[in-house]
There are 2 protein chains.
Amino acid sequence: MSSHSGGASTPPDLVSDGDASVSAGPAGGSPTSFRQRERQPTIRDVASLAQVSLPTVSRVLTGAVPVREATRKRVLEAMRELGYRPNGAARALVQGQQPIVGVITRDTTRHGYARMLLNIEARAKLHGYLVAITVVDPEEFDTAGGALDVLLAQPIVGVVVLDYHTYDPVKLQRRLGSIPIATVIHGGESPVDVAHVLVDDYEAARETTRHLLSLGHQTVHHIAVPGQQANQGSHARERGWREALEAAGAPVPAVQRTDWSIASGVAAGAALAADPTVTAVFCSNDELAFATMRSMHEAGRQVPADVSVAGLDDEPLASIWVPSLTTYRLDFDWAGQAALELLIDPAEGAQRAGNPRSGLVVRESTRPPR
Amino acid sequence: MSSHSGGASTPPDLVSDGDASVSAGPAGGSPTSFRQRERQPTIRDVASLAQVSLPTVSRVLTGAVPVREATRKRVLEAMRELGYRPNGAARALVQGQQPIVGVITRDTTRHGYARMLLNIEARAKLHGYLVAITVVDPEEFDTAGGALDVLLAQPIVGVVVLDYHTYDPVKLQRRLGSIPIATVIHGGESPVDVAHVLVDDYEAARETTRHLLSLGHQTVHHIAVPGQQANQGSHARERGWREALEAAGAPVPAVQRTDWSIASGVAAGAALAADPTVTAVFCSNDELAFATMRSMHEAGRQVPADVSVAGLDDEPLASIWVPSLTTYRLDFDWAGQAALELLIDPAEGAQRAGNPRSGLVVRESTRPPR
DNA sequence: CTGAAAGCGCTTACAG
DNA sequence: CTGAAAGCGCTTACAG
């Protein structure tokens, strides 16, 4: 490897283009040096070098059957010398199982998915499993061929499906066949017949809306994320909000809809900011709440003096926004871990009904109306 | 599957616990129904049902060699009837290649990594490749066994290493052996001998610092992310800031160090807020800038009236923070795509030196000192 | 504790 | 266009 001089010079082989560029690597290396890999040593090479039989090498590899210490040493030494690396595909073929867990998810950069994914990976690693992700948009489920097929063709341990209800369960089931599955479903949704971890969006939304009502607001406006595809209905968060209002006998204002984007959140927030009767807004997630606070600011309305704003999720930035955001914390870390465990060991997994650190977090952005 | 009544009731088999819980799935399903999968139909079953030979089935599978239409139809029909799914491990064994791309990365919830990962996945899917991720902390590289070994044991297409310089290149190389690799390195770092995509953190930091100086600030304070492990030195962003100051003959204040966490950013920001001579702060990333703005607010110092604050990355929220954040946009989407292409096709990849949408974005948080 | 044999499910030349 | 044979690299009974 090159030395680390710490200098600020750019690599000599650089195809410079503004401040970002690409280099094909090893100086003078032809593309083929990347494509054609030399023949890897196999268990057979190791066996002959160590002067033992194939099964013996296999035994020190798996560790299932005891091998004489001296023999073991010799085999290990031979492996080191040859730079031997077991062939996972061959092993998977004979064992009928690949130590891989698949994850089917939507946009992994969004807070909830990102945290669940990170935690699934961490937990899977603990069990010695690799995580393979496939981002699939519910709308393009049918066309999401390639990668998903590769995943499902492997004799994998199973698949974790995040936000299960956004997919069409029939199509999903047909595609997955008999592959084990564990899902994360979100509160207030219909009962399902698959192993699942429940993140109760419904309850979270209801609770947050109640908080705003308890402060004395006549009603609470809502900025919503898109409804769920497979459900055809509104999002659980929207239902939680609606039912909280109905239960309190408060009027139910028209919902402001967004497309998940911040821009659409700003637009929705601006619409509410223009309405002087609005004193409280519950947003389907923290990002939309931030966007709403921005819109309020631009319209010259103070949060929380003029308008209270609450979110849902409790992203890290919620605590430091100015004003800090009242929101409902959802424990996606727990959800990710629980889903993985549920897949690995349904019996065990179902027992550890966890200790989710969820709940309303009241901060600066909400207060009684004046 | 269960019906979708849209009701808000929780599943009957629920182990209720607050607002989040776990259910082991298929009602009455014993754990074994998950562990033991029935024997999958093989190419042999398909062949005998369709009354053709094994190779013929293989041919309709691969599509490489033409097959008589009528025969093809019969084979396809047999596959459908049996619910046949090819065994990827067997195919990989004979072909010597698994259509899988590995990604070695740190905390995938952080903005840059998250976006690169998402884009790598999208691009890989286009090529029919699956993406397997392994989150590995540079410090625990040696112990990060399990999952990484599984990944590297597969005859994968190659590995994309994000933020390459945080790892020890020697250890990494030893672990990867002859597996093709494409990396993302960050600006101002030492030249490397591997295929890489450059995201120029150094230039970004220098440019942003220059912007603050050009506004008339005597100097610019800095809140830094941790240095890079393998480099032992300071982060490229810190070097960019330092050299911009030196080039301008401005004094170089002590650096405020953080551990990436928002809390440490708030603490660092508070330290600067307490110093009345501070008029401009450049933060290593947007999150730290948000934290700093929070600290300034708490200390009663106005941004940008009293203090200018700039970040780096241009996260989505930067544009809607109050005040909106001046920052330097880095095109992680491009970087992710370019890295994947570089891995797949080094020759092609190196040519498309991209059109990164990077650059300084001046917003509300910076202005001349009074 | 160790070796010879069979086989995991597929693809790839090789014939026809 | 199609079939019989060999083999990818490993593990798993089966003997010893």
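Every chain is numbered from 1 and lettered A, B, ... according to where its sequence line falls, protein lines coming before strand lines. Nothing here was measured: the structure is a model prediction, and the numbers come from that model.
Counting to the nearest Å, the P atom of C/dC1 and the CD atom of A/Gln51 are 21 Å from each other.
Residue B/Ser53 places no side-chain N or O under 4.0 Å from the OP1 or OP2 atom of D/dA4. The phosphate of C/dT2 (OP1 or OP2) has a side-chain N or O of A/Thr71 nearer than 4.0 angstrom.
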Distance-only criterion, 3.5 Å: show the donor-acceptor pairs between side-chain atoms of residues 82-94 of chain A and protein atoms not counting sequence neighbours.
unit_1: A/Arg85; atom_1: NH1; unit_2: B/Arg175; atom_2: O; d: 3.1
unit_1: A/Arg85; atom_1: NH2; unit_2: B/Arg175; atom_2: O; d: 3.1
unit_1: A/Arg85; atom_1: NH2; unit_2: B/Leu176; atom_2: O; d: 3.0
unit_1: A/Asn87; atom_1: OD1; unit_2: A/Ala89; atom_2: N; d: 2.8
unit_1: A/Asn87; atom_1: OD1; unit_2: A/Ala90; atom_2: N; d: 3.0

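The salt bridge (charged side-chain N to carboxylate O under 4.0 Å, His left out) test applied to A/Asp107 returns no partner, not counting sequence neighbours. Looking at residues two or more places apart in sequence or on another chain, you find no salt bridge (charged side-chain N to carboxylate O under 4.0 Å, His left out) involving A/Arg174. The salt bridge (charged side-chain N to carboxylate O under 4.0 Å, His left out) search around B/Arg72 returns B/Glu69, not counting sequence neighbours.
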Report summary line: Encoded 5' to 3' (Watson-Crick or G-U under 3.5 Å; [ ] crossing; | other strand), DNA chain D becomes |||.||||||||.|||
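The OG1 atom of B/Thr42 sits 4.0 Å away from atom CG of B/Asp45, with the distance rounded to the nearest 0.5 Å.
Using modelled atom types, one side-chain atom of A/Asn119 and one backbone atom of A/Arg115 make a donor-acceptor pair closer than 3.5 Å.
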Requested in this report: Do nucleotides 8-16 of chain D as a string where each nucleotide becomes B, S or -: B if the base has a protein heavy atom under 4.0 Å, S if just the sugar-phosphate does, - if no protein is that close.
Outcome: BBSBBB---
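Donor-acceptor pairing under 3.5 Å is recorded for the side chains of A/Gln40 and B/Ser178. Between A/Thr56 and A/Ser53, the side chains place a donor N or O and an acceptor N or O closer than 3.5 Å (distance only, hydrogens not considered).
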